[in-house]
Asker: 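Submitted below is the structure of interest, expressed as structure tokens.
This is a predicted model, so every value here is computed, not measured. Atoms considered below: every heavy atom in the structure, side chains included; atoms not considered: hydrogens, waters and symmetry mates.
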Amino acid sequence: MRPIALIPALLSAAALVLAFLCLFAGHKKNFMEDYHILSLNVSRLGEGLVEGTIGQDEGTLGSLWDLVPDSIQDDVGEAAGAVADKLGIEDFYSAHLLDYCYGQFTPAEAPNATLDASDISRNVTGCSNSTAMFWFNPTEILERALNNSGVDVTLSDLKWPQDIQRGLDALRLVSVTAFVLYCIAIGLIFLSFLAALVAVFAAGRLSACVNLLVGILSFLAIGLASALVTAVIEKGADVINKHGSDIGVRADKGKKFMAITWVATALMFVTLLLWVVELCVGRKRKGTYAAKHG
Ligand SMILES: *[C@@H]1O[C@H](CO)[C@@H](O)[C@H](O)[C@H]1NC(C)=O
Ligand SMILES: *[C@@H]1O[C@H](CO)[C@@H](O)[C@H](O)[C@H]1NC(C)=O
Ligand SMILES: *[C@@H]1O[C@H](CO)[C@@H](O)[C@H](O)[C@H]1NC(C)=O
Ligand SMILES: *[C@@H]1O[C@H](CO)[C@@H](O)[C@H](O)[C@H]1NC(C)=O
Ligand SMILES: *[C@@H]1O[C@H](CO)[C@@H](O)[C@H](O)[C@H]1NC(C)=O
């Protein structure tokens, strides 16, 4: 019996749950949607359109302008929000490993004198179907929304920068690799959990060695997956904020996602450390036993 092996078993079980949550967070509406990788705030997407057409009466853009209530026509931000609503564009689109979700900010899109930013919450309208190897394509999503809106406005009318999609597409391979690594990591962490349970009953050095090996592999898989997804989060948010700031588009980094994925990595690191210690102590124990009994 080696009761101490229960500790790595518990740590692996916790890491397994977290790795699962990384993969499945937001795979359907109301399931940890706020654990997204990136969230795109397009609630002010109409800004490019509104600024160019203030006061115009002619054409489609003029008639669109009529849809904006008089009371907010002076406020470019509010008017842009109203235009985006009329175009069928949601307030936010958020990317997960398996799908994307969309919805509205409540009670309002932006903080004001009486409404604090922390009081704004996300009301998820829906999510796309889950697919393996998913990658976020906001350009296509917005284009489809505009096509369905029945208003004759295109993405170029909204001054949507193509550079956003180009920047995101450059991250596609990294993101897909991260997805594959999460799947591998889940398998390895599960093995690590099983191996630790076996080691509770099989107190030999062999089981400790097997555990150390599986521990190292799981740590590498989850650590690499976390590093890749962190790169996607940082680079993706940079690209979107750089090219989107002119038209009121903003990206939020998935801080909560990063938190759970790095906690899972840390748990696997501690697991592997425990096995290193167990192997060293085990050898020492054996050494003293051999010295005493010669
Ligand atoms: C702030 O926004 C809330 C929600 O839309 C609204 O009820 C309130 O009147 C706004 N306050 C100001 C000062 O504009
Ligand atoms: C969304 O973006 C707009 C424009 O950049 C900003 O004013 C607003 O505060 C953002 N809303 C949230 C909830 O982050
Ligand atoms: C969320 O949106 C739905 C419809 O899209 C609405 O019925 C519901 O009241 C909203 N919830 C909140 C808290 O605003
Ligand atoms: C999503 O899945 C449902 C049923 O599984 C299907 O009816 C629907 O067409 C799918 N939607 C897309 C966009 O693929
Ligand atoms: C939107 O409509 C345009 C023109 O009809 C078409 O070229 C484009 O493929 C459509 N986009 C989507 C995502 O359906």
Asker: Using a 4.5 Å cut-off on heavy atoms from C-beta on, say whether the side chain of V229 contacts that of Y182.
Answerer: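 Touching, per the 4.5 Å side-chain cut-off.
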
Asker: Could you grab the distance from atom CG of N241 to atom CG of D252, nearest 0.5 Å is fine?
Answerer: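 Result: 8.0 Å between the selected atoms.
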
Asker: How long is the straight-line distance from CD1 of I164 back to CG of L155, given to the nearest 0.5 Å?
Answerer: 10.0 Å

Asker: Under a 3.5 Å distance rule, please check whether R2 uses its side chain to pair with a backbone N or O of A202 as donor and acceptor.
Answerer: yes

Asker: If I take atom NE2 from residue H27 and atom OG from residue S128, how far apart are they, to the nearest 0.5 angstrom?
Answerer: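 One finds 11.5 Å between NE2 of H27 and OG of S128.
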
Asker: Taking all non-hydrogen atoms of both residues, which atom of S207 and which atom of A199 are closest, and how far apart?
Answerer: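 Nearest heavy atoms, S207 then A199: OG-CB, 3.8 Å.
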
Asker: For atom CG of L6, decide whether the heavy atoms of other residues, nucleotides or ligands shown that lie under 6.0 angstrom number more than 12.
Answerer: yes

Asker: Please test T265 against F219 for side chain to side chain contact (heavy atoms under 4.5 Å, CB included), starting from the C-alpha separation and ending with a verdict.
Answerer: CA-CA 6 Å; T265 308; F219 168 69; 3.7 Å; yes

Asker: Are side-chain heavy atoms of E278 and P8 found at a separation under 4.5 Å?
Answerer: no

Asker: Give the C-alpha distance, both sets of side-chain angles, the deciding distance and a yes or no for side chain to side chain contact (heavy atoms under 4.5 Å, CB included) between R250 and S245.
Answerer: CA-CA 6 Å; R250 278 220 319 236; S245 59; over 6 Å; no

Asker: Applying side chain to side chain contact (heavy atoms under 4.5 Å, CB included), run through Y35 and L21 and close with a yes or a no.
Answerer: CA-CA 9 Å; Y35 288 74; L21 292 181; over 6 Å; no

Asker: Would V198 end up clustered with W275 when hydrophobic side chains under 4.5 Å apart are linked, directly or stepwise?
Answerer: no

Asker: Indicate the ring-plane relationship of Y93 and Y100, choosing parallel, tilted or perpendicular according to the 30° and 60° boundaries.
Answerer: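 Taking Y100 first and then Y93, their aromatic rings sit tilted (interplane angle of 30° to 60°).
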
Asker: So, for N211 and A196, which heavy atoms are closest and what is the spacing to 0.1 Å?
Answerer: OD1-N, 3.1 Å

Asker: Would you say that W135 contacts V232 through its side chain, given a criterion of any heavy-atom pair below 4.5 Å between the two side chains?
Answerer: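 Sidechains of V232 and W135: in contact.
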
Asker: When rounded to the nearest 0.5 angstrom, what distance separates OG1 in T106 from CG in D119?
Answerer: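 It is 10.0 Å, given to the nearest 0.5 Å.
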
Asker: Can you name the nearest heavy-atom pair linking S149 to G88, along with the distance?
Answerer: CB-N, 4.5 Å

Asker: Below 4.5 Å, heavy atoms only, C-beta onward: do H243 and R166 meet side chain to side chain?
Answerer: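 No - every pair of side-chain heavy atoms lies 4.5 Å or more apart.
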
Asker: What heavy-atom pair brings A110 and I120 nearest, and what distance separates the two atoms?
Answerer: C-CD1, 3.7 Å

Asker: Evaluate the side-chain proximity of I186 to F190: yes if any heavy-atom separation is below 4.5 Å, no if none is.
Answerer: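 With C-beta onward as the side chain, the pair stays apart.
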
Asker: Run the side chain to side chain donor-acceptor pair (under 3.5 Å) test against Q104 and tell me which residues pass, sequence neighbours left out.
Answerer: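 Result, side chain to side chain donor-acceptor pair (under 3.5 Å) vs Q104: E90.
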
Asker: Between C209 and L279, what is the shortest heavy-atom contact and its length?
Answerer: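 Between these two residues, the closest heavy atoms are SG-CD2, 3.9 Å.
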
Asker: Please answer: with hydrophobic residues joined when any side-chain heavy atoms are less than 4.5 Å apart, are M133 and I141 in the same cluster?
Answerer: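 Shared cluster, yes.
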
Asker: So, N112 versus T114: side-chain donor-acceptor pair below 3.5 Å or not?
Answerer: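 Side chains of N112 and T114: pair found under 3.5 Å.
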
Asker: If I compare all heavy atoms of A14 with all of L267, which pair ends up nearest, and what's the gap?
Answerer: CB-CD1, 3.7 Å

Asker: What's the spacing between L188 CG and I216 CD1 if we round to 0.5 Å?
Answerer: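 Going from CG on L188 over to CD1 on I216, the span is 12.0 Å.
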
Asker: Is a donor from one side chain sitting under 3.5 angstrom from an acceptor on the other, for E109 and S43?
Answerer: no

Asker: Side-chain heavy atoms under 4.5 angstrom apart, residues restricted to Ile, Leu, Val, Met, Phe, Trp, Tyr: same cluster for I7 and L194?
Answerer: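 Yes, I7 and L194 fall within the same hydrophobic cluster.
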
Asker: Going by heavy atoms in the side chains, are N41 and F105 under 4.5 Å from each other?
Answerer: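 SC-SC contact between N41 and F105 confirmed.
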
Asker: So if you build clusters from Ile, Leu, Val, Met, Phe, Trp, Tyr with side-chain heavy-atom gaps below 4.5 Å, do V249 and L171 land together?
Answerer: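 Same cluster.
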
Asker: What do the steps show when you test L45 against I247 for side chain to side chain contact (heavy atoms under 4.5 Å, CB included), and what is the final call?
Answerer: CA-CA 6 Å; L45 185 56; I247 55 162; 3.7 Å; yes

Asker: Mind checking whether P138 and L168 have side chains closer than 4.5 Å, heavy atoms only?
Answerer: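 Yes, side chains in contact.
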
Asker: Do L213 and L11 share a hydrophobic cluster, counting only Ile, Leu, Val, Met, Phe, Trp and Tyr and linking them when any side-chain heavy atoms are less than 4.5 Å apart?
Answerer: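 No, L213 does not connect to L11 through the hydrophobic network.
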
Asker: If you measure only the distance, is there a donor-acceptor pair under 3.5 Å linking the side chains of E33 and H96?
Answerer: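 Yes - a donor-acceptor pair under 3.5 Å links their side chains.
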
Asker: Would you mind reporting whether K159 and D246 have side-chain heavy atoms less than 4.5 Å apart?
Answerer: no

Asker: Can you tell me how far CH2 of W262 sits from CG of L18, rounded to the nearest 0.5 angstrom?
Answerer: 14.0 Å

